[in-house]
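Worksheet for the structure shown next.
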Amino acid sequence: MKLHYYPETDSLYVEFKAGPGVETREISDGLNIDLDAEGRVVGLDIDQASRSVDLSTLETEALPLHATKVA
């Protein structure tokens, strides 16, 4: 899973798996989900992220991590 923040558009993209999305569905105003050809979730896009998400911290709990990366 990867988190991508784009300050020029204030959007946060949560990439659940690599690969192209073939369909985007609006879940609610400013919240879109990308699906692959089989209908599985590829990612989640949050518009105006700084207004709805605390971007200052990142916490994880009980994830079965094999590796972590900081860019």
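- The structure places CG of Asn32 at 11.5 Å from CD of Glu23, a figure rounded to the nearest 0.5 Å.
- Heavy-atom neighbours of Glu38 CD from other residues, nucleotides or ligands within 6.0 Å: above the threshold of 12.
- Residues Ile46 and Ser52 are in side-chain contact: their nearest non-hydrogen atoms beyond the backbone lie under 4.5 Å apart.
- Here Tyr13 contributes atom OH and Leu44 contributes atom CG; the two are 8.0 Å apart, rounded to the nearest 0.5 Å.
- Remark: side-chain polar atoms of Asp10 are paired, donor with acceptor, to backbone N or O of Ser50 under 3.5 angstrom.
- A salt bridge does not link Glu15 with Lys17: none of the charged nitrogens is closer than 4.0 Å to a carboxylate oxygen.
- Remark: the Asp34 side chain and the Thr24 side chain contain an N/O donor-acceptor pair separated by less than 3.5 Å.
- Val42 and Met1 fall into different hydrophobic clusters, where Ile, Leu, Val, Met, Phe, Trp and Tyr residues are linked whenever their side-chain heavy atoms come under 4.5 Å apart, directly or through other members.
- Residues Val53 and Ile33 are members of one and the same hydrophobic cluster, defined by side-chain heavy-atom contacts under 4.5 angstrom among Ile, Leu, Val, Met, Phe, Trp and Tyr.
- Transitive grouping of hydrophobic side chains (ILVMFWY, heavy atoms separated by less than 4.5 Å) brings Leu31 and Phe16 into a common cluster.
- Taking 4.5 Å as the limit, some side-chain heavy atom of Leu35 sits within range of a side-chain heavy atom of Val41.
- Atoms CD and CG, on Gln48 and Asp29 in that order, are 8.0 Å from each other to the nearest 0.5 Å.
- The shortest side-chain heavy-atom distance between Asp36 and Pro20 does not fall under the 4.5 Å cut-off.
- Heavy atoms from other residues, nucleotides or ligands lying under 6.0 Å from CD of Glu8 number more than 12.
- If you take CG on Asp45 and CD1 on Ile27, they are separated by 11.5 Å, rounding to the nearest 0.5 Å.
- Contact detail for Ser11 and Asp47: the closest heavy-atom pair is CB-OD1, 4.1 Å.
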